[in-house]
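Each remark here refers to the structure printed beneath this line.
For the single chain, residues carry numbers from 1 onward in sequence order.
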Amino acid sequence: MTDPALSARVADFHSAYAEALNHERFAQWPDFFAHEGPCDYRIVSRENHDLNLPAPIMGCYTHGMVKDRVAMLIKGALTYRHMYLRHFITNVRAKRLADDAVAASANLLVMQSDHEGNSSTYMVGRYEDELLPHGDSFQLRKRLVIIDSFSIDTALAVPL
């Protein structure tokens, strides 16, 4: 059973996460992940997830890999078509796990706008998370991004 108060706290975590990405504060992104112990960030297609096929489109399995994921973005060395992104995270549901961790899920919509103001859908999907308490917020132990969008029109350089 989900816990409404816990879901609200997780929604606050998601808002901070989205704000950091929307404002291109990529150096902050690794801080949303647990520094000690397991750290797992994967993007998988809905089709692979539904068929229990484990091959991710992209995966980071340690905190160091998460940091490396954005290092080139921070340096500005990655070349990709720059778009302004807006993350919309809705329908947050959360419940406590036995080890004081939190299992949470949420829907994800990412819109993109180019420099001329043309907007389109970049990504649709959902998060399946395991979060650990961290101060008065959380850190991700595991983030599985299950994407419904099969056509990604720019390099998947920016984290979801």
Side-chain angles (χ1 to χ4, degrees), residues 6 9-89 92-110 112 122-150 152-160:
L6 183 61
R9 289 184 57 219
V10 172
D12 284 344
F13 170 83
H14 285 309
S15 293
Y17 182 93
E19 183 178 330
L21 294 179
N22 290 343
H23 293 284
E24 299 180 2
R25 296 192 308 255
F26 301 125
Q28 292 177 358
W29 186 64
D31 295 333
F32 288 96
F33 290 84
H35 294 229
E36 304 295 324
C39 179
D40 187 356
Y41 173 78
R42 288 179 286 143
I43 301 172
V44 299
S45 70
R46 183 189 67 230
E47 180 181 34
N48 276 13
H49 183 266
D50 291 349
L51 293 172
N52 203 25
L53 299 172
I57 295 168
M58 196 286 308
C60 298
Y61 308 107
T62 66
H63 192 266
M65 289 177 77
V66 168
K67 287 172 67 173
D68 288 347
R69 174 90 177 116
V70 295
M72 299 309 271
L73 281 173
I74 294 165
K75 292 179 184 176
L78 271 182
T79 56
Y80 68 100
R81 187 177 58 152
H82 184 266
M83 302 292 275
Y84 300 106
L85 300 179
R86 293 291 172 253
H87 293 67
F88 299 89
I89 304 167
V92 177
R93 311 279 287 176
K95 64 181 179 180
R96 292 227 179 266
L97 298 174
D99 65 351
D100 201 33
V102 173
S105 63
N107 292 332
L108 170 69
L109 169 66
V110 183
Q112 63 183 0
Y122 174 62
M123 193 65 61
V124 175
R126 73 181 193 265
Y127 292 135
E128 296 290 336
D129 296 332
E130 289 181 18
L131 301 115
L132 298 171
H134 183 75
D136 57 355
S137 188
F138 301 98
Q139 284 186 324
L140 291 159
R141 171 168 67 188
K142 178 179 182 181
R143 168 151 281 179
L144 179 61
V145 185
I146 303 164
I147 59 171
D148 298 332
S149 304
F150 287 80
I152 303 168
D153 78 342
T154 57
L156 194 54
V158 178
L160 293 175

Please report the closest heavy-atom contact between V70 and P159, naming both atoms and the distance.
-> CG1-CG, 3.7 Å

If you draw the axis of the six-membered ring of F32, does the NZ or CZ of R143 fall within 45° of it and under 6.0 Å from the ring centre?
-> no

Please indicate whether H134 has more than 12 foreign heavy atoms, meaning atoms of other residues, nucleotides or ligands, lying under 6.0 Å from its NE2.
-> no

Any side-chain heavy atom of H14 within less than 4.5 Å of one from H87?
-> no

Just list the side-chain donor-acceptor pairs under 3.5 Å for residues 46-56, sequence neighbours left out, or say none.
{"from": "R46", "atom 1": "NH1", "to": "D148", "atom 2": "OD1", "distance (Å)": "3.0"}
{"from": "N48", "atom 1": "ND2", "to": "A55", "atom 2": "O", "distance (Å)": "3.3"}

Considering only heavy atoms from C-beta outward, does the side chain of V158 approach that of V110 to under 4.5 Å?
-> no

T62 side, atom OG1; D68 side, atom CG - distance, nearest 0.5 Å | 7.5 Å

Measure from the side-chain N and O atoms of R86 to the backbone N and O of N22, and report whether any donor-acceptor pair falls under 3.5 Å.
-> yes

Measure across C39 and V66 and return the closest heavy-atom pair with its distance rounded to 0.1 Å.
-> SG-CG2, 3.8 Å

Apply salt bridge (Lys or Arg N to Asp or Glu O under 4.0 Å) to E19 and R25, showing your working.
-> CA-CA 8 Å; E19 183 178 330; R25 296 192 308 255; 3.5 Å; yes

So among E36, E130, E128, which one has a salt bridge (Lys or Arg N to Asp or Glu O under 4.0 Å) with R141?
-> E130

To the nearest 0.5 Å, what is the distance between OH (Y127) and CG (L160)?
-> 6.0 Å

What orientation do F13 and F138 show, parallel under 30°, tilted 30 to 60°, or perpendicular over 60°?
-> perpendicular

On a heavy-atom basis, the closest approach of A18 and I89 is CB-CD1, 4.0 Å

Counting only N and O atoms by type, is there a donor-acceptor contact under 3.5 Å from the side chain of H63 to the main-chain atoms of P30?
-> yes

Heavy-atom side-chain contact between R126 and L108 under 4.5 Å | no

With side chains defined as the heavy atoms from C-beta onward, is the minimum distance between F26 and L21 less than 4.5 Å?
-> yes

Flag, side chain of Y61 to backbone of R42, donor-acceptor distance under 3.5 Å = no

Residue set satisfying ring pair (Phe, Tyr, Trp, His ring centres under 6.0 Å) with Y84, at least two apart, ordered chain then number -> H82, H115

Distance from L132 atom CG to L140 atom CG, nearest 0.5 Å?
-> 8.5 Å

Are more than 12 heavy atoms from other residues, nucleotides or ligands located less than 6.0 Å from atom CG of D136?
-> no

Once you round to the nearest 0.5 Å, how far does CG of D129 lie from OH of Y41?
-> 10.5 Å

